[in-house]
Amino acid sequence: MIALTGAPERVEGSAILTEKFESFQGEGPWTGQRCAFVRFSRCNLKCGFCDTPESWDWSRYNPSEASEKAPVSELVSWVRERAADMMVITGGEPMLQQPAVAALARGAEGVRVQVETNGTVAPMRDLASRVDLWVVSPKLANSGMSYSARVKPDALAALAATGRAVFKFVVTDVSRDLDEIAQLVEEYELGPVWVMPEGTTRERVLDGMEALYAPATERGWNVSTRLHILTGAQ
Ligand code: SF4
């Protein structure tokens with residue numbers, strides 16, 4: 001843990017958020033690490049298995065209740081007050097508000113920054129170099145989205161070119177999804193690869209991990225749990 005002291009430099013702009021909270025990272029390479037989460041509102045996809053529909057599904061949520069506009073300077077102060085050495089910027093799709101993401105990442109100097117993105121938006125150069133870990137989750141056919149909506153080759157190439165990206169795929173059906181992942185990985189030269197079971201219950205996550213372990217190992221991929229589901233954390 002680091003303690004950040006002193007006033008942050010002036011940070012301009014605002015962001016539309018769903019929520020912010022302290023927890024630990026439940027997924028991907030940095031699983032288990034304590035962090036400050038900043039969840040941006042809005043998304044450019046509508047995945048059937050989405051576990052954060054409150055960030056975009058206005059048929060079920062009222063945007064004026066499910067989101068709030070916040071000055072980035074206030075977010076920076078909030079992150080610094082947490083004294084966590086890692087911030088996770090997530091969504092929705094945070095890259096739809098890239099200037100705000102960049103301002104937040106710059107303002108939280110000294111804090112490691114992880115951005116979770118669906119991989120459809122290429123990062124600006126100054127953001128690409130500030131982010132310590134890009135967790136890119138290209139969506140598969142199991143999302144219900146069209147290929148052209150969910151796979152953006154230029155954005156995937158730009159994220160891969162940062163040298164700090166991992167590619168994490170949500171698996172709903174091991175017998176069907178892994179070949180599709182392999183095809184995307186080969187076509188767009190993505191890696192390292194993480195696969196993670198879809199699911200919002202302990203049983204589903206544990207069953208999914210058990211089913212993924214052997215085939216993922218055979219393919220040279222990593223397996224991610226969903227620790228927040230297993231522990232009931234936020
Ligand atoms: S890209 Fe992520 S946040 Fe957006 S709809 Fe799909 S699962 Fe939900």
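Atoms within each ligand, like the ligands themselves, are counted from 1 in listed order.
Taking a cutoff of 4.0 Å between a charged side-chain nitrogen and a carboxylate oxygen, Glu198 and Arg204 qualify as a salt bridge. No salt bridge links Asp85 with Arg34; every basic N to acidic carboxylate O contact stays at or beyond 4.0 Å.
Residues Arg112 and Gln33 have side chains that bring a donor and an acceptor to within less than 3.5 angstrom of each other.
Around atom 4 (Fe) of ligand 1, protein atoms of type N, O or S found under 2.8 Å number 1.
Applying the salt bridge (charged side-chain N to carboxylate O under 4.0 Å, His left out) test to every pair with at least one member in residues 127-138, sequence neighbours left out, gives these pairs: Arg130-Asp132.
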Please table the atom pairs, donor to acceptor, closer than 3.5 Å between any side-chain atom in residues 179-191 and protein atoms at least two apart or in another chain.
from	atom 1	to	atom 2	distance (Å)
Asp179	OD1	Arg219	NH2	2.8
Glu180	OE2	Ala141	N	2.8
Tyr188	OH	Tyr147	OH	3.0

Name every donor-acceptor pair, under 3.5 Å, that has one atom in a side chain of residues 205-217 and the other anywhere in the protein, sequence neighbours excluded.
from	atom 1	to	atom 2	distance (Å)
Thr217	OG1	Tyr213	O	2.6

